[in-house]
Amino acid sequence: MSGYYAPEAYGELTDGIREILIPAEEIESRIMELGQAISRDYEGCNPLLVGVLKGVVPFIAALLPAITIPIELDFMAISSYGPGSDSERGVRLEKDLSSPIKGRHVLFIEDVIDTGLTLNYLLKNLRARKPASLKVCTLFNKSRRRLIEIPSAYVGFELPNLFVVGYGLDYRERYRNLPFVGLLKPEVFQPSGE
Ligand code: PRP
């Protein structure tokens, strides 16, 4: 039983969903497992968890209380630029970490790894600062869309190569607040007449 409302309660947002792919309960229980694994693996390390805004917010909010060891938290923000196609997309840092990470055990937290371009840029950037270790925890993984291989120590769920939203994942900034992951109806992203 999930601590959230039933899907119908999200009214207009639920109307845009064709099918629920991962129910809220499953996400919550998988996040508890990830938190337990992180607590075990980083015991005595005081890791720094780094999230990249904004999609990671619901995941971080649920993951923190699932971790039972001392941790610290920081955020980065990036923007993409350049032509529309994935392979030519560039990434620019908009908000940096608030303190140095040299010698720290850094765990990078993502909501989704898709092409891998964002993380490839961010991991290179962070590696140059000489952390003691640098690993990745992603709630969702779209491995079939990968252009650059990214090693992930912790993965919550594998997602199909489809337009999915919810639990931080957006379509034009909407749907992030759904507590489940759902498949978007085609008419939402391909309105007739557009
Ligand atoms: C999402 C996600 C990752 C990135 C992954 O962020 O949070 O940072 O895309 O995609 P990639 O592997 O193809 O680079 P997005 O740019 O959608 O911003 P958001 O977190 O604000 O939704």
Side-chain angles (χ1 to χ4, degrees), residues 10 13 16-17 21-22 24 27-28 30-31 34-35 38 48-64 66 73-98 101 106-129 131 134-186 188-190:
Y10 294 84
L13 292 178
I17 302 298
L21 292 185
I22 314 175
I27 300 176
E28 286 174 280
R30 184 71 186 117
I31 293 175
L34 292 173
I38 291 167
L48 177 70
L49 272 55
V50 174
V52 57
L53 297 169
K54 298 178 276 203
V56 80
V57 169
F59 178 35
I60 290 254
L63 181 65
L64 291 188
L73 178 64
D74 210 340
F75 288 98
M76 298 176 100
I78 49 115
S79 63
S80 299
Y81 64 92
S85 84
D86 281 333
S87 57
E88 294 167 295
R89 181 157 55 93
V91 179
R92 186 167 34 224
L93 195 58
E94 298 285 349
K95 179 210 171 303
D96 203 352
L97 298 174
S98 49
I101 57 166
V106 176
L107 181 60
F108 202 92
I109 313 289
E110 263 287 21
D111 53 336
V112 62
I113 309 177
D114 192 350
T115 62
L117 290 168
T118 307
L119 259 185
N120 183 55
Y121 168 85
L122 289 171
L123 291 178
K124 259 192 208 156
N125 181 304
L126 294 182
R127 253 183 234 117
R129 307 182 200 192
L134 180 58
K135 289 190 173 161
V136 175
C137 171
T138 186
L139 181 56
F140 304 117
N141 190 27
K142 279 189 166 178
S143 56
R144 269 171 273 175
R145 293 252 310 151
R146 204 72 96 245
L147 295 175
I148 302 176
E149 210 32 62
I150 301 287
S152 297
Y154 308 92
V155 178
F157 298 92
E158 189 61 41
L159 290 182
N161 185 13
L162 295 170
F163 217 128
V164 297
V165 292
Y167 218 92
L169 306 177
D170 72 307
Y171 172 65
R172 294 187 174 172
E173 297 300 326
R174 279 188 142 202
Y175 301 98
R176 292 191 200 273
N177 55 317
L178 289 177
F180 54 83
V181 168
L183 194 57
L184 209 55
K185 285 182 181 165
V188 176
F189 54 93
Q190 291 168 339

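Note that these values count all heavy atoms, side chains included, but never hydrogens, waters or copies made by symmetry. As the structure is a prediction and not an experimental result, all values here were calculated from the model. All ligand and atom numbering here is 1-based and tracks the order in the structure.
Atoms of ligand 1 lying under 4.0 Å from any heavy atom of Asp111, numbered from 1 in the order shown and given with element: 2 (C), 7 (O). Atom numbering of ligand 1 starts at 1 in the shown order; those under 4.0 Å from a heavy atom of Thr118 are 4 (C), 5 (C), 8 (O), 10 (O), 11 (P), 14 (O). Of all the atoms in ligand 1, the ones that sit under 4.0 Å from a non-hydrogen atom of Leu117 are 12 (O), 14 (O). Every atom of ligand 1 with a heavy atom of Gly55 under 4.0 Å away is listed here by number and element: 19 (P), 20 (O), 21 (O). Listed by number with element, the atoms of ligand 1 under 4.0 Å from a non-hydrogen atom of Leu53 are 20 (O), 21 (O). Of all atoms in ligand 1, numbered sequentially from 1 with element shown, those under 4.0 Å from a heavy atom of Glu110 are 2 (C), 3 (C), 7 (O), 8 (O).
At distances below 3.5 Å, at least one donor-acceptor pair connects side-chain atoms of Glu158 with backbone N or O atoms of Ser143. The closest donor-acceptor contact from the side chain of Arg30 to the backbone of Gly156 lies under 3.5 Å. A distance-only check finds a donor-acceptor pair linking the side chain of Thr138 to the backbone of Phe140 [under 3.5 Å].
Atom NZ of Lys142 sits in a crowded spot, with more than 12 heavy atoms from other residues, nucleotides or ligands closer than 6.0 Å.
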> So Asn120 and Leu147, side chain to side chain contact (heavy atoms under 4.5 Å, CB included) or not? Walk me through it.
Replying inline: CA-CA 10 Å; Asn120 183 55; Leu147 295 175; over 6 Å; no
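Asp170 pairs in a side chain to side chain contact (heavy atoms under 4.5 Å, CB included) with only one of the listed residues (Glu173, Arg172, Arg174), which is Glu173. The side-chain hydrogen bond (donor to acceptor under 3.5 Å, both in side chains) with Arg146 is formed by just one residue from the set Asn141, Asp114, Thr115; it is Asn141.
Between Asp114 and ligand 1, an N or O atom pair is found at a separation short of 3.5 Å. At a 3.5 angstrom cut-off on N or O pairs, Glu173 does not count as close to ligand 1. For a threshold of 3.5 Å applied to N or O pairs, the pair formed by Val52 and ligand 1 contains no separation below that value. Taking distance alone, with nitrogen or oxygen atoms compared against 3.5 Å, Gly116 approaches ligand 1 more closely than that limit.
The closest approach between a heavy atom of Arg145 and any atom of ligand 1 is not below 4.0 Å.
Nearest-residue assignment for atom 11 (P) of ligand 1 (options Leu139, Asp170, Thr115; heavy-atom criterion): Thr115.
Salt bridge annotation for Asp111-Arg176: absent, with no cationic side-chain nitrogen under 4.0 angstrom from a carboxylate oxygen.
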